[in-house]
Every structure is written in structure tokens, then in C-alpha cells.
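Have a look at the structure below, then the notes.
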Amino acid sequence: MELAIPHIVFVLTVAVIALSVMAMLTASLERASYCMAGVAVVMTAAYVLYGVAVGNRYLYGWAAIYAVTRIWLLPFFRGGLLYTARRMPSPDVPKASVWGTMIFAVVAFVVLLVFSVKYTLVLVVSPGPLAQPAGEVSLNLLLAVFLILYGIMVLLTHRHPFRMVLGILLMEAGIHLSLVHFVPGLLGMVQIGIFSNFVGSVFVVLYINRMIVERLKVTDTFKLSDLKY
């Protein structure tokens, strides 16, 4: 069972990246919202698996809080992702998602190639950074960092406010996943993850985005600087 967990987590991490790419490539904001709910489901499963692997029962609590706030509350509650997606026009610059994803794919491939040459990529569950042998790099950790990179790429290449919120959520997911991969046995890591779950702030940003679209009729963030008051 313990030997299988790193491989299952690897599949889950790949699934998170795949769902993230789907969320950015789809033209429908509603489908993107469902993809983000899928990301939350997969990440919750990863937290539980790491809790089983290292015996950190506090990860179950993080998984439970994450499940409630990110699988149910943020996507489906009034004022959340789906609610906002149904009240905002689709992106008027869809090609940005394609270019951002293509750039991300190239950069991720190059980084993966360099690391595979310089280091030994392994699939292990390590209770802490000091337990990782020199010259070895966790492939799961590397993929989690790629998720952060993709979130940054989304912010740089998208101009629709809803997509930019998703980019921030992807960055946050990558940071949390990296934290769990890096030190799954540390209680302080769980505390950081729980207290940095700023789901309320996301609702506020989504509300502001809806007001901008409703009152100013603007769905391109580049055009906000051109508005005169």
C-alpha cells in the first residue's frame, strides 16, 4: 500500500494539471468552474493519501476543510464560481489561453528534461526535506511547482477577470500541493494550509468582477486603465 501511494499521488497530480489546462482552454466559464471543482476533488484525495502514507492525521482535517470550501462552497454557493460564470460574458480574447498553455508546456518540458539529466527523479513519500537523499528530486514535487508556474502563466496571458481569478486559484493549489509534497509529516505545514485558505477573499474578488462587468460593461482588464471617471 505504501509503495503504491506515491504512484497514485503522481496520477492525481497529473490529473490536477490536466483539469487546470482544461479549465483554461474551454470557452465556457461554466465548464471552467466545474473543472476547478474537479481540481479540488483530486487535491483532497491527495491530502488524504499523504495523511495515510506518513501517518499525519492532521492532513485529514485539512482535507475535510478543503473539501467543504473548495469542492462545494466556492464552486456552487451563491456568489461563487458558477454563480459568477453565469453572469459574465465569455472571454473576448480566447487565443490567450492557447498561447499561455503552449508556453507553459514548452517551459515545463525543458525544465523536466534538465532535471532528468542532472538529478534522479523519484516517486517517494518523504516525511521531510532532510530525509530526501542527495541527488534525488521528487517528481510529484516538481509537478506541483509546474502548477504554480501555470497559474503565473494564466495571469500573464489572460485578460478576462474571471480567468485571472482561476489563475490565482491554480497558483494557490500549486503552493499547497508543493507544501504537502515537501513536508507531509509536519503539523505546521497543515496549519499554514488551513489558515491560508482565503476562500472569503475569492468571493469578494468575484463580487467585484461581477460589478465591473455589470456597471462598466468591461470584460477585458486591459481596458480598465482607459476608463475615465
Side-chain angles (χ1 to χ4, degrees), residues 16 19-24 26-44 47 61-94 96-97 100 144 147-180 189-229:
V16 169
L19 286 168
S20 302
V21 172
M22 289 172 59
M24 292 302 111
T26 179
S28 168
L29 298 182
E30 290 189 39
R31 284 197 295 268
S33 301
Y34 284 115
C35 287
M36 294 304 297
V39 167
V41 171
V42 177
M43 288 194 56
T44 300
Y47 295 155
W62 185 0
I65 294 174
Y66 196 88
V68 171
T69 58
R70 297 309 172 96
I71 298 177
W72 172 68
L73 189 63
L74 184 57
F76 303 111
F77 200 72
R78 181 181 178 87
L81 294 178
L82 272 175
Y83 181 89
T84 302
R86 290 165 180 163
R87 285 159 178 79
M88 298 183 72
S90 294
D92 51 1
V93 282
S97 62
L147 186 59
I148 301 175
L149 175 64
Y150 190 50
I152 295 174
M153 197 62 62
V154 169
L155 292 177
L156 294 176
T157 60
H158 284 267
R159 292 158 54 178
H160 192 280
F162 188 85
R163 301 281 185 180
M164 297 183 74
V165 172
L166 297 188
I168 295 174
L169 292 177
L170 293 180
M171 286 180 58
E172 181 200 52
I175 292 171
H176 284 172
L177 206 52
S178 300
L179 201 58
V180 175
M189 173 272 301
V190 177
Q191 294 172 330
I192 292 173
I194 292 175
F195 289 112
S196 62
N197 189 15
F198 299 121
V199 67
S201 302
V202 181
F203 275 91
V204 172
V205 174
L206 290 173
Y207 172 77
I208 294 173
N209 286 344
R210 292 196 304 272
M211 292 300 100
I212 291 175
V213 172
E214 178 183 338
R215 299 181 183 180
L216 303 179
K217 310 300 180 184
V218 175
T219 58
D220 186 344
T221 54
F222 279 19
K223 296 179 180 178
L224 291 176
S225 60
D226 298 332
L227 297 177
K228 306 297 182 181
Y229 296 93

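All of these numbers come straight from a predicted model, not from anything done at the bench.
- Under the salt bridge (charged side-chain N to carboxylate O under 4.0 Å, His left out) criterion, no residue pair touches residues 198-208, with sequence neighbours excluded.
- For the atom pair His160 NE2 and Asn209 CG, the distance stands at 8.5 Å (nearest 0.5 Å).
- Under the rule for a side chain to side chain donor-acceptor pair (under 3.5 Å), the partners of Thr84 that lie at least two apart in sequence or sit in another chain are Arg210.
- The minimum heavy-atom distance between Tyr83 and Arg78, with the atom names listed, is OH-NH2, 3.4 Å.
- Pairing each heavy atom of Leu29 with each of Phe162, the nearest pair is CD2-CD2, 3.7 Å.
- Closest approach of Ile71 and Pro75 over heavy atoms only: O-CG, 3.5 Å.
- Considering CZ of Arg86 and OG of Ser33, their distance stands at 8.0 Å, rounded to 0.5 Å.
- Ser178 meets the side chain to side chain donor-acceptor pair (under 3.5 Å) test with no other residue; sequence neighbours excluded.
- To the nearest 0.5 Å, atom CG of residue Leu73 and atom CG of residue Leu81 are 10.0 Å apart.
- Under the rule for a ring pair (Phe, Tyr, Trp, His ring centres under 6.0 Å), the partners of Tyr66 that lie at least two apart in sequence or sit in another chain are Tyr47.
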Listing, residues 167-175 side-chain donor-acceptor contacts under 3.5 Å, not counting sequence neighbours, or none:
from, atom 1, to, atom 2, distance (Å)
Glu172, OE1, Arg70, NH1, 2.5
Glu172, OE1, Arg70, NH2, 3.1
Glu172, OE2, Arg70, NH2, 3.1

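- The ring pair (Phe, Tyr, Trp, His ring centres under 6.0 Å) check on Phe77 picks up Trp72, with sequence neighbours excluded.
- The shortest heavy-atom contact between Leu166 and Ala32 is CD1-CB, 3.9 Å.
- In terms of heavy atoms, Arg163 sits closest to Met24 at NH1-O, 3.6 Å.
- Atom CG in Leu206 sits 11.0 Å away from atom CE in Met211 (nearest 0.5 Å).
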